[in-house]
Amino acid sequence: MLMRLVLSAHLSSTTSLPWTHAAISWELDNVLMPSTRIWPQIRVLTESMFKRLRKWVVTRFFGHSQQRARLVSKDGRCNIEFGNVEAQSRFIFFVDIWTTVLDLKWRYKMTIFITAFLGSWFFFGLLWYAVAYIHKDLPEFHPSANHTPCVENINGLTSAFLFSLETQVTIGYGFRCVTEQCATAIFLLIFQSILGVVVNSFMCGAILAKISRPKKRAKTITFSKNAVISKRGGKLCLLIRVANLRKSLLIGSHIYGKLLKTTVTPEGETIILDQININFVVDAGNENLFFISPLTIYHVIDHNSPFFHMAAETLIQQDFELVVFLDGTVESTSATCQVRTSYVPEEVLWGYRFAPIVSKTKEGKYRVDFHNFSKTVEVETPHCAMCLYNEKDARARMKRGYDNPNFILSEVNETDDTKM
């Protein structure tokens, strides 16, 4: 009422229009102050807007901090670090220098590659300059006209470096050459040639091996973003989809999984990252997969499965990480590769199945639509494995009963009269 009087006085003083009290009251009741039927709708819309805003803020600014820690990332990298490693153990990495160089990142490998060649050229350039200096072949010594130098046309450190480069990479421009005057130069030429071959072989081999490593082939094997739990063949199963993006096969493919979780032993010992075997199969078995098209692998949730005591309501509260491995041999290079990925409880969808992905065209070709590769469809699924098996047991007990045709029920007539 107070708001109505204030607004009425304000409109009367600031406009020349004939505002009446009745008109102002109508405007307040119908425009500025909606009816009681509209207020609940406004409140619902406001609460929904604030919920969406709060969800966006939490996801945007706090989503990364709330993510579970992973041992294996989605692309297969292991999230682990080693601390307090002894110096003697670190020296072992230099003993196995070949593996160490192969495991280096490209920026470090190219730095070593450039440093190895430039360093060897400059080092032998200094040695050639020292030979010329000791033999007094340099111009500052003013050699006589009949003086025969160890190396022709070395006038300083720059020309010595150029001669070292020409010798090691076997360019041989013909302007600078070794003479038979001193044996030191001949020995240095032989030594640099041999060492240059070793450096070239090692560094070029390391680059080639880095490029052709099976890790690159593993990038063309992809897993579905989520795992799903639904019924398959009358059994409750955990399903994952995997695809080979190349037409070349992986020979002898084998797929399996490990469930990582923290457990406490009966002795009270806490084991972090305790590993439990998870058997994955396809309809044709888990050995020697014919991996030409995307496959849906599944794990049967039976009494021996660690998922047996989980339910749809409690799955998100579990603390585990499901790591899936695919081992195989690359057909083109015969190299063995391994593909890895992992799933946390938030990435396991209960009550869903994967959408179809393979179809057959009119021309008789099989077409794979990767748009539906990770797409899921909600289906009716028991909310726990124990419920499904209890239902099956109840049906089995009902079927165990049978009728005996030789059994005859005799009816006894009961009377109220009792003879004494």
Are the side chain of [X] and the backbone N or O of [Y] linked by a donor-acceptor pair below 3.5 Å?
| X | Y | result |
| --- | --- | --- |
| Ser305 | Asp302 | no |
| Ser230 | Tyr352 | yes |
| Thr341 | Phe223 | no |
| Ser159 | Asn155 | yes |
| Asp137 | Cys150 | yes |
| Ser342 | Val72 | yes |

Exercise. Run the side chain to side chain contact (heavy atoms under 4.5 Å, CB included) check on Leu322 and Glu347 step by step: do they pass?
Worked result: CA-CA 10 Å; Leu322 176 61; Glu347 297 170 345; over 6 Å; no
More than 12 heavy atoms of other groups within 6.0 Å of [X] [atom1]:
| X | atom1 | answer |
| --- | --- | --- |
| Lys225 | NZ | no |
| Lys74 | NZ | yes |
| Phe122 | CZ | no |
| Phe370 | CZ | yes |
| Phe117 | CZ | yes |
| Glu313 | CD | yes |
| Ile272 | CD1 | no |

Test item: side-chain donor near acceptor, [X] and [Y], under 3.5 Å:
| X | Y | answer |
| --- | --- | --- |
| Gln192 | Ser164 | yes |
| Ser193 | Gln168 | no |
| Asp327 | Gln338 | yes |

Contact summary for [X] and [Y], nearest pair of heavy atoms:
| X | Y | result |
| --- | --- | --- |
| Val368 | Pro294 | CG1-CG, 3.6 Å |
| Trp98 | Ala209 | CZ2-CB, 4.0 Å |
| Trp350 | His383 | CZ2-O, 3.4 Å |
| Ala116 | Val199 | CB-CG1, 4.4 Å |

Do [X] and [Y] come close enough that some side-chain heavy atom pair is under 4.5 Å?
| X | Y | value |
| --- | --- | --- |
| Val178 | Trp128 | yes |
| Phe354 | Phe373 | no |
| Leu326 | Ile221 | yes |
| Thr262 | Ile271 | no |
| Phe320 | Leu315 | yes |
| Leu157 | Leu126 | yes |
| Phe280 | Tyr298 | no |
| Val101 | Lys109 | yes |

Exercise. Going through the checks in order, is the side chain to side chain contact (heavy atoms under 4.5 Å, CB included) test met by Leu273 and Leu71?
Worked result: CA-CA 9 Å; Leu273 298 180; Leu71 177 65; 4.2 Å; yes
Problem set entry | Lys/Arg-Asp/Glu bridge criterion (N-O < 4.0 Å) met for Lys258, Glu321 |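 So Lys258 does not pair with Glu321 through a salt bridge.
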For this session: Please determine if Arg176 and Glu166 form a salt bridge, counting it only when a charged side-chain N lies under 4.0 Å from a carboxylate O.
Result: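 A salt bridge links Arg176 with Glu166.
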For this session: Return each pair, listed once, that meets side chain to side chain donor-acceptor pair (under 3.5 Å) where at least one residue sits in residues 365-380; pairs must be two or more places apart or across chains.
Result: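 Matches after skipping sequence neighbours: none remain.
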Atom pair [atom1]/[atom2] of [X] and [Y] - distance to nearest 0.5 Å:
| X | Y | atom1 | atom2 | answer |
| --- | --- | --- | --- | --- |
| Leu236 | Thr381 | CG | OG1 | 7.0 Å |
| His299 | Phe307 | NE2 | CZ | 6.0 Å |
| Leu259 | Ile276 | CG | CD1 | 5.0 Å |
| Leu188 | Leu195 | CG | CG | 10.5 Å |
| Ile357 | Ser224 | CD1 | OG | 10.0 Å |
| Thr265 | Asp274 | OG1 | CG | 9.5 Å |

Exercise. Between Leu238 and Val348, does a side chain to side chain contact (heavy atoms under 4.5 Å, CB included) hold up when you go through it step by step?
Worked result: CA-CA 9 Å; Leu238 184 142; Val348 180; 4.2 Å; yes
For this session: Run through Thr99, Ile112, Thr111 and flag the one making a side-chain contact (heavy atoms from CB on, under 4.5 Å) with Leu104.
Result: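 For Leu104, the side-chain contact (heavy atoms from CB on, under 4.5 Å) check succeeds only for Ile112.
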Exercise. Taking it one step at a time, do Phe163 and Asn153 satisfy side chain to side chain contact (heavy atoms under 4.5 Å, CB included)?
Worked result: CA-CA 9 Å; Phe163 179 72; Asn153 300 311; over 6 Å; no
Exercise. Quick check, are the ring centers of Phe124 and Phe161 under 6.0 angstrom apart?
Worked result: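 Centroid distance Phe124-Phe161: not below 6.0 Å, so no.
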Problem set entry | Sub-6.0 Å ring centroid separation between His147 and His135 |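 Ring centres of His135 and His147 closer than 6.0 Å.
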